[in-house]
Amino acid sequence: MIKMTSQQDIPLYEEVVNGFDQLSDKMSGNESSGLRRTRRQAFEKFRESGFPSIKSEDWKYTNINRFLKEEYALGVAAAPASADLVGTATIPDLDCHTIVLVNGVWQKGSGDTALPLGLELLPVDEARQNVNLSGLFERSEGGKDRFFTALNTALFSDGLFIRVKPGALLEKPIHIIHAFTAAHNLMVQPRHVWVIGERAEFNVIESVVSAAGEARIWINTLTEIHLHADAKLSHTLIQSAGAGARIVNHTTVRQKKQSLYNNYTFTLPGADLVRNDLQAKLEEDHTETHLYGLYLAAGQQLIDNHTLVDHQQPFCFSNELYKGVLLEQSTGVFNGKVFVHQDAQKTNAFQQNNNLVIGKKATIDSKPELEIYADDVKCSHGTTVGQFSEDALFYLRARGIGEAAARALLINAFAFDVTEKIKWNAVETHINRLISHHIPVTS
Amino acid sequence: MLSITNLHAEVEEKQILKGINLTVNPGEVHAIMGPNGSGKSSLASVLAGKENYRVTAGEVSFHGKDLLDMDPETRAREGLFLAFQYPIEIPGVSNINFLKTALSEIRTYRGLTPLDAKEFLRLSREKQKLVEFDANLVNRSLNEGFSGGEKKRNEIFQLAMLDPSLAILDETDSGLDIDALRIVSQGVNKLRSADNAFIIITHYQRLLEYIVPDFVHVLYNGRIVKSGTKELALELEEKGYDWLKEESREKAVTTI
């Protein structure tokens, strides 16, 4: 068992394998026997798979060895988030409901008193022990995989449960601020479940921030979204965590008939590791899915976006546009998989990934993957990797615009295709401001 | 204002400019003509500071300062403007924000306070009118999807906004139909003053019917081989460049 010996060298693996029984006893509370069984199975799966290495296809370009050498404590350390940290995530001039979570635990009462009718929020700590909701955790689509999702399923304790009542039209977005903070190296594993009822419309903006400090924090998040028939969800994620953060973020979206899901993922410099797995499962016909992503990587940062659009049924439309800017010595990975099942006739699936590699030592691995088993479909994909256009740079400078400002303009212009898709001006301005903090003076 | 002395430059190790001498004073309009490949556009690029050109000898002084020592943005801030032969399309950068940024950097360099939004808008409207530039194009992405004529008119609109002391128009007339040519020329004529100067690079005499130059120079094989007044342009139109080529060849032979 060569694999096992290599896992034995990972302190966190040891921590999980030796501590599981004690940890699960401590936190399971009134969970159903079904959920306990699910957790046990997930734990067994994790014990077998351990953490991924570059030998697994899905982690081929994402080497996390250097992060796995560190020691982490498991569990939720209920720490108060500093107002400053939460403040960095606040979006000026945005009319929204704000919800704050610290290390995955909802901090009730901070500005969230007047939630609209039709919106129900619960801490996952309660939801998982509620007999009526338990099934959502027992039969999790996203949590049945190996590695990190198995680990999350085995040990998650808290997070945010959201339910939007059928027919509720919630125009005003809710802004969920996920603040993370640790005094000592810590791994937290939030689990979020959102259920958007039939014909409901809902807008969510998530911000992920962390305090940059000595202590490392590993954030292994799993979000499962149920989008019922004719429901519409706009989902924006802004990841601007600080140095010391290692983020593994898995999102599974299950779409029912004629539902619409729009995802906008923005990843900024800061966290040393960001691995996003975004999976849209089109379980019924006539759904529509748009995935937009923008990643700006700097320093030694590694940003990996893995997406899956799983066309299971006919007449579904999906469109994906991811753009990346790689500064300094950063590494980017994009893997976009489109799977069209045999039954999924009349599928339209489009995918595009464009990269601007600016740092001399920056790299990008971009891999589109199309697997098509239906014969009456329209699918396309494309990838580009480029550098600054020297002609464009000269044109701007010849008008008196300094080199740094010219580069900033060009990066913003490159990102524009994605940022212009955001429907709130305040959010677009906020993101452009975050981008402009990281524009290089020289390449 | 501008004084070029014995300017030599090369691109990709190929000698393009072989000793240019030219003096431009405020209020003057100089036309530079010449056959293809004579170095006209290279001269414009060298003056604007394009990086792939290497100056191997000579000096250029602009308002008494060493122009060749400045990076492109400093040249622009000092009052030099190049209207590009092929304006670049930059999707995602709005025309108006681009101009706002450029104008504010130039003003800051000159110790002026930036214009507020209202003042900028007023200036922009005034200049749009002056050069007959379509207001719809102002808010679009920089040159993206513009026709050839629209791009050239945008160059003249930028020229009007940035108000340089020396404007170099690099084959601004190429690709323009007669109406666009008239509009562009009228724009330039309105912007002419006793304080600014123009260098108009063109292949044809046509443009010079609209923008009447004070001096005409013929560039051939990296050198100015003949200078004169606007009548020289007419002579070139009639006789072509061949007689000058021969003349310059003979000269070259006699100097050997």
Side-chain angles (χ1 to χ4, degrees), chain A residues 264 266 292-296 321-325 352 354-356 358 382 384 386-422 425 428-429 431-436 439-443, chain B residues 44-53 70-95 97-110 112 114 140-144 151 154-155 157-159 161-164 167-168 170:
Chain A
Y264 313 83
F266 299 92
Y292 300 108
L294 176 69
Y295 43 100
L296 176 64
L321 173 64
Y322 266 68
K323 291 195 134 188
V325 179
Q352 184 72 35
N354 305 113
N355 297 284
L356 195 53
I358 292 170
T384 64
Q387 278 146 1
F388 265 134
S389 154
E390 288 301 323
D391 286 340
L393 203 56
F394 178 66
Y395 189 71
L396 297 175
R397 294 177 72 190
R399 293 294 175 259
I401 299 174
E403 191 174 350
R407 285 178 188 278
L409 264 176
L410 290 177
I411 290 178
N412 274 306
F414 177 79
F416 176 76
D417 293 343
V418 174
T419 54
E420 68 155 354
K421 300 291 193 304
I422 305 170
N425 288 336
E428 188 178 345
T429 307
I431 286 167
N432 283 331
R433 200 180 301 129
L434 290 176
I435 294 171
S436 68
I439 302 305
V441 176
T442 51
S443 58
Chain B
S45 295
V46 169
L47 292 178
K50 200 154 196 235
E51 266 157 11
N52 48 341
Y53 287 86
M70 301 173 193
D71 54 31
E73 53 269 38
T74 309
R75 297 178 195 209
R77 293 165 188 172
E78 285 283 342
L80 187 119
F81 182 94
L82 170 66
F84 281 63
Q85 183 177 5
Y86 303 108
I88 310 293
E89 293 192 20
I90 309 184
V93 173
S94 94
N95 220 346
N97 281 338
F98 155 70
L99 269 175
K100 214 179 269 172
T101 310
L103 191 62
S104 117
E105 293 220 13
I106 290 172
R107 288 182 67 92
T108 306
Y109 181 83
R110 295 181 188 165
L112 302 165
R140 292 236 311 253
S141 274
L142 186 49
N143 292 325
E144 191 189 14
K151 283 181 187 166
N154 196 12
E155 293 294 289
F157 172 56
Q158 293 173 26
L159 166 60
M161 287 296 288
L162 302 181
D163 192 25
I168 303 166
D170 186 9

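In what follows, every heavy atom counts, from backbone to side chain, and hydrogens, waters and symmetry copies are set aside. This is a predicted model, so every value here is computed, not measured.
Neither the backbone nor the side chain of B:L103 comes within contact range of chain A; no heavy atoms are under 4.5 Å apart. Interface remark: B:P87 contributes backbone and side-chain atoms alike to the contact with chain A (heavy atom separation under 4.5 Å).
Of the listed residues B:S94, B:A76, B:A102, B:P72, the one with more heavy-atom pairs under 4.5 angstrom with chain A than any other is B:P72. Comparing B:R75, B:E155, B:E51 by heavy-atom pairs within less than 4.5 Å of chain A, the highest count is held by B:E155.
In this structure, B:N95 contributes its side chain and B:R140 its backbone to no donor-acceptor pair below 3.5 Å.
Every residue two or more places apart in sequence or in another chain that forms a side-chain contact (heavy atoms from CB on, under 4.5 Å) with B:S141 is listed here: B:E144. Scored by the side-chain contact (heavy atoms from CB on, under 4.5 Å) test, A:S389 finds A:D391, A:A392 as partners (sequence neighbours excluded). The salt bridge (charged side-chain N to carboxylate O under 4.0 Å, His left out) check on B:K151 picks up B:E89, with sequence neighbours excluded.
A:Q352 and A:T384 make their closest contact through NE2-CG2, 4.4 Å (heavy atoms, listed as atom of the first residue, atom of the second, distance). In plain terms, the two heavy atoms of A:F414 and A:N354 that are nearest each other are CZ-O, 3.5 Å.
Proximity to chain B among residues 393-402 of chain A is limited to A:F394, A:Y395, A:L396, A:R397, A:A398, A:R399, A:G400, A:I401, A:G402, judged by heavy-atom separations below 4.5 angstrom.
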- Task: Any chance you could lay out the side chain to side chain contact (heavy atoms under 4.5 Å, CB included) test for B:I90 and B:F98, step after step, and finish with the verdict?
- Result: CA-CA 10 Å; B:I90 309 184; B:F98 155 70; over 6 Å; no
- Evaluate the side chain to side chain contact (heavy atoms under 4.5 Å, CB included) criterion for residues A:T429 and A:N432: first the C-alpha distance (whole Å), next the side-chain angles of each, then the deciding distance (0.1 Å), finally the verdict. CA-CA 5 Å; A:T429 307; A:N432 283 331; 5.8 Å; no
